[in-house]
There are 2 protein chains.
Amino acid sequence: MSLRHAILGILSIKPMSGYELKKVIDESVGHFWTADQSQIYRTLAGLVEDGLAVRRTVVQEERPNMHLHSVTDLGSAELDRWLASPLKARPSREPFLARLFFADRMPVERIRELLDTRRRELSGQLAALEAIEVPADAAEFGLGGVLRLATLANGIAHARTELDWLDATERRLEGITS
Amino acid sequence: MSLRHAILGILSIKPMSGYELKKVIDESVGHFWTADQSQIYRTLAGLVEDGLAVRRTVVQEERPNMHLHSVTDLGSAELDRWLASPLKARPSREPFLARLFFADRMPVERIRELLDTRRRELSGQLAALEAIEVPADAAEFGLGGVLRLATLANGIAHARTELDWLDATERRLEGITS
DNA sequence: CTCACATATATGCGATGTCCAATAGATGTC
DNA sequence: GACATCTATTGGACATCGCATATATGTGAG
């Protein structure tokens, strides 16, 4: 139910086509929210249908025409309503932990491989997050800038925590002979 | 696709009814995996249909009869296959971060409330995780015990990280006048 | 000339998941 | 006696999601 609002939020910053939306989502909120391309188009259609957004066809000569979507007053109100609504926090699913939970069916060596793979993936993700250009003076970008940098910092902090936890977990496993 | 395997994994530890399964899931893997009750029953039916588990009706006099589910050899093999299969790690969705990302549409005071609410929820979750009895000698419970304690430690580590991040984020907001 | 790639949108389908409600006996409480 | 709670299962309705696939045009590489 929240992709609607995420899209509404991004469109409120700047009107966009579905195609551009996909790219912006991947680059900005990608580390805590993903969206399938087809799902984006479907959601956009739903927003238009419900009057929360309007689409305007922009004729382009060097490219296929695109549908530019903007948030309506109704959509803006819905966005505010959502922001003020209570947030029920269901624990997020962690497939990796789910696997580790049952991994004692495998030999210890395999478990180490599981942890190593996880470490490699996380290192990459962390590097990608850290590579994002951070302006020296964050406050320059106003409240929105501070908040968006905070979500980035969140991703970095959790990635580091996960790496530390991997270290600790591998040390625990060292005591166990394979 | 993974609830199947989570259930298979738990059933491999001990045969259970759907009802007990729900409780065990909530108490053991609850902090990184949730399952709706009706979904559990449907998944169990699917497992039986596919021959990965068998159900046996146990007549109880003081309670309604129950269906005890056990993993078959086929199910056990499937579990091992899943453990060895590559794990594609899609970033988990964080509705709270999604909201914070667009929260600059609200007055700063509201944003602080958002953070405070999050802090209260997390403190509760952290306390719940820390309250879980941890045996002094974890290795006593073998490899499985070590791994399961590791998933618990993971939850605790991330909860603490999130609380620290909340502190830092609130400090950042202090500089901004409401 | 062909093939890959970027732009741009759309539909079908199945898997998965949540919410809600119904059923039903036993036990406990006010 | 009424009402809630625990055990235990089932089904319908509906939303969401991800994957695959289709279509169309322009650009640049080889």
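Per chain, numbering begins at 1; letters A, B, ... match sequence-line order.
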Angle of first-five versus last-five pair axes in the helix from C:dC1-D:dG30 to C:dC30-D:dG1, to 10 degrees
20°
Partners meeting ring-ring contact (aromatic ring centres under 6.0 Å, His included) with B:W33 (sequence neighbours left out):
none
To the nearest 0.5 Å, what is the distance between CG (A:L68) and CD (A:E20)?
8.0 Å
How about CZ on A:R81, more than 12 heavy atoms from neighbouring residues, nucleotides or ligands closer than 6.0 Å, or not?
yes
Check: B:E162 and B:R118 side chains under 4.5 Å, non-hydrogen atoms
yes
Donor + acceptor pair across side chains of A:R55, A:S70 (<3.5 Å):
no
Within 45° cone and under 6.0 Å: B:R93 NZ/CZ vs A:F32 ring:
no
Spell out, as yes or no, whether a donor-acceptor pair under 3.5 Å connects the side chain of B:S85 to the backbone of B:W82.
yes
Of the residues in residues 5-19 of chain B, which ones touch DNA chain C at a heavy-atom distance under 4.0 Å?
none
First and last nt of DNA chain D near chain A, cut-off under 4.0 Å to heavy atoms, 5' to 3', are D:dT16 to D:dG26
Note: A:L163 and A:S123 closest approach over all heavy atoms is CD2-OG, 4.0 Å
Collect all protein-nucleotide pairs involving nucleotides 15-18 of chain C in which both atoms are nitrogen or oxygen and the distance is under 3.5 Å.
residue : atom : partner : partner atom : Å
C:dT16  : OP1  : B:M1    : N            : 3.1
C:dG17  : OP1  : A:R93   : NH1          : 2.5
C:dG17  : N7   : B:Q39   : OE1          : 3.3
C:dT18  : O4   : B:R42   : NH2          : 2.6

Atom pair distance, as rounded to whole Å: OH in A:Y41 and P in C:dT7:
11 Å
B:Q37 CD to C:dA21 C1': how many Å, rounded?
11 Å
Nearest-0.5 Å distance, CD of residue B:E170 to CG of residue B:D167:
6.5 Å
Going from CG on B:L87 to OG on B:S2, what distance comes out if it is rounded to the nearest 0.5 angstrom?
7.5 Å
Contact class for B:K23 (heavy atom, under 4.0 Å): base, sugar-phosphate, or nothing?
sugar-phosphate
Hits for side chain to side chain donor-acceptor pair (under 3.5 Å) against B:S28, two or more places apart or cross-chain, chain-then-number order -> none
N/O donor-acceptor pair under 3.5 Å between B:H69 side chain and B:H67 backbone
yes
Considering only heavy atoms from C-beta outward, does the side chain of A:E27 approach that of A:I132 to under 4.5 Å?
no
